[in-house]
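This report refers to the structure that appears directly beneath it.
Every chain is numbered from 1 and lettered A, B, ... according to where its sequence line falls, protein lines coming before strand lines. For the numbers below, each heavy atom of this structure counts, side chains included, while hydrogens, waters and symmetry mates do not.
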2 protein chains.
Amino acid sequence: MSEPRVLVLDADPPPRLARLAGRARVLHCDEDSLARHLPWADVLLVWDFTSDAVRHAWPGPGPRPRWVHTASAGVDRLLFPELLDSPTVITNARGVFDGPIAEYVAGLILAMAKDLPGSWEWQRRRTWRHRETVRVSGSRAVVVGSGPIGRRIGVTLGALGIEVALVGRRERRDDPEFGRVHPSAALHELLGDADWVVCAAPLTPQTTGMFDAAAFARMRPTARFLNVGRGPHVVEEDLLAALRAGRPAGAALDVFAREPLPPDSPLWDAPGLLISPHMSGDTHGWRADLDRQFQDNFDRWQAGEPLFNVVDKRLGYVP
Amino acid sequence: MSEPRVLVLDADPPPRLARLAGRARVLHCDEDSLARHLPWADVLLVWDFTSDAVRHAWPGPGPRPRWVHTASAGVDRLLFPELLDSPTVITNARGVFDGPIAEYVAGLILAMAKDLPGSWEWQRRRTWRHRETVRVSGSRAVVVGSGPIGRRIGVTLGALGIEVALVGRRERRDDPEFGRVHPSAALHELLGDADWVVCAAPLTPQTTGMFDAAAFARMRPTARFLNVGRGPHVVEEDLLAALRAGRPAGAALDVFAREPLPPDSPLWDAPGLLISPHMSGDTHGWRADLDRQFQDNFDRWQAGEPLFNVVDKRLGYVP
């Protein structure tokens, strides 16, 4: 049997793939050369998960990889018709980001509850200004996304005494972890009770733009909105208007419609908005975890075993 | 029986004490008039717990209150010889601040782990700068103080997956909550393993200045130090020198030797130092909680029942 051919759409730093030595032919490419090498490959590793190059390179002549693995939890960039309609299997990095993102969300919520940004602004002015802050224990969060990231966020917030309502695509009343999962149709109703609204959903046609003017209008004036999902979950101009109008009271965005966020974006100094550069899941060692995860799946693929983290291409995530 | 006389050393806003109406004569005073009214009082409520006026007013003629209650967890301002050697009972606000301070510490640790201050500094510059951050799960904390505040901090950090070593005055190997409590003599040894060092101890002669150059020298270069105890636990000039030398990597102080921290203090812009104005325990409703707590104890006092939160004046805290 000839060695499988693995094409890597590279990012800096590239994956090490040490365990593939002698077992596969590995070729690294960039966005420009992707289309040229695609017919050669049995497997495509989308290491640069911020790239849209796969979408552009995929249609065209020749055979296509039978397996595409993306080093990200979200697979939205791979959900284009030619790939959806092909027999190619998509797998993702489900599991690597859960814990880090849950900690990140907990940190943002506590920072907002304790007004840490305010304290550090007063510190810059060398000014002592005592304020009262809020307890998170006993407060309420709505977490949108019932996959592993949303669940881990829910568990972590629950450990801090926050009452969590988890929202998924469909209602479930016998969820082993949360008891109840609310259907997305109930979101607007739930928003009115929430102190914290957290978006950790997969980006699909159904979830795109779900946080719009109508959603923000349902939030409490004291609520805070957090997005660690994908930028297009949020209608950014609606959020901007909502923050300027004071409802919700604040927000934290780690993801944006356009990344990097351009220097002239009005979001940078929107009132009450905390910005971070798409890093909620990226703790030291995350690249090594992604590298290991792909190689583990490669072992299965080569052994003819079922792959893990296989995306349901119709749903847009690993069910 | 004549109505008991309750003197209140006021702060703004004053306590409401609604349940004392018709049951006690209540007189509000300030630092200047405290000495004049002290012989009149059966009970002294130290509502302004930032004041040193009790120490100055206490020696002098006339009877002294038989009971002093302070609306704070720390009683260090009341531990002067004339009160220590008197039969007067001291009670404190044990219990009110535990949960809020534990959340505050968790928020600071997560904010430092995720470099939220860095993100918000980049945000001010409208600059997208991705960084990798650290997991808190699996990291190690030393929490100094085995009273209810230290314990609650330990439990909260434990819920985030942080491994906690609790340090008290004496060693215990059968602690119902933590299993083991380390003796303060072991502190320097423990510091070398800690990612997070949290001071939540009572201020006593034994704990004053315990975080000095020698202690900081034992910390890891990547460690962070947090103080939510009392300012004099820390030798501030030693911390300043340690931060400038890069060990520990950062610190967060909520309390200071002198409060408010003077505008010309070199701490305001010390490298890696996060400053907040003695507010870690002060969540909305905290004054109402303190008000209720004193009145609950007053009910017991008037009924001749044992007071709760009685301070062991020799130890300097409620044992």
Looking only at heavy atoms, which two atoms of B:Ser119 and A:Met279 are closest? And how far apart? OG-SD, 4.0 Å
Check whether any side-chain N or O of B:Gln123 sits under 3.5 Å from a backbone N or O of A:Leu273 as a donor-acceptor pair, and report yes or no. yes
Under 4.5 Å from any heavy atom of chain B, what part of A:Asp115 do you find: side chain, backbone, both or neither? neither
Leading residue by heavy atom contact count with chain B [cutoff under 4.5 Å; candidates A:Ala252, A:Ser265, A:Pro100, A:Ala159]: A:Pro100
Which bit of A:Arg131 comes within less than 4.5 Å of chain B, counting heavy atoms only: side chain, backbone, both or neither? both
Is a donor from one side chain sitting under 3.5 angstrom from an acceptor on the other, for A:Glu132 and B:Trp286? yes
With heavy-atom distances below 4.5 Å as the criterion, would you say the side chains of B:Thr156 and A:Leu160 are in contact? yes
Chain B contacts, top residue of A:Leu267, A:Ile275, A:Leu108, A:Leu261 (heavy-atom pairs, under 4.5 Å): A:Ile275
With chain A, the option among B:His130, B:His284, B:Glu103, B:Arg125 that has the most non-hydrogen atom pairs under 4.5 Å is B:Glu103
Do B:Lys114 and A:Ser276 come close enough that some side-chain heavy atom pair is under 4.5 Å? no
Taking all non-hydrogen atoms of both residues into account, name the closest pair between A:Trp128 and B:Phe256 and its distance. CZ3-CD1, 3.5 Å
Pick from A:Thr127, A:Val155, A:Asp269, A:Asp264 with the largest number of heavy-atom pairs that fall under 4.5 Å of chain B: A:Thr127
Name the region of A:Ser280, side chain, backbone, both or neither, that has any atom closer than 4.5 Å to a heavy atom of chain B. neither
Counting heavy-atom pairs under 4.5 angstrom with chain B, the leader among A:Ser137, A:Gly118, A:Ala111, A:Ala102 is A:Ser137
In terms of heavy-atom proximity below 4.5 Å to chain A, should B:Arg135 be classed as side chain, backbone, both, or neither? both
Check step by step if side-chain contact (heavy atoms from CB on, under 4.5 Å) holds for A:Leu116 and B:Leu116. CA-CA 9 Å; A:Leu116 298 182; B:Leu116 298 183; over 6 Å; no
Do the non-hydrogen side-chain atoms of B:Val134 and A:Thr283 ever get within less than 4.5 Å of each other? no
If we only count heavy atoms from C-beta on, is the A:Trp120 to B:Glu121 side-chain gap below 4.5 Å? no
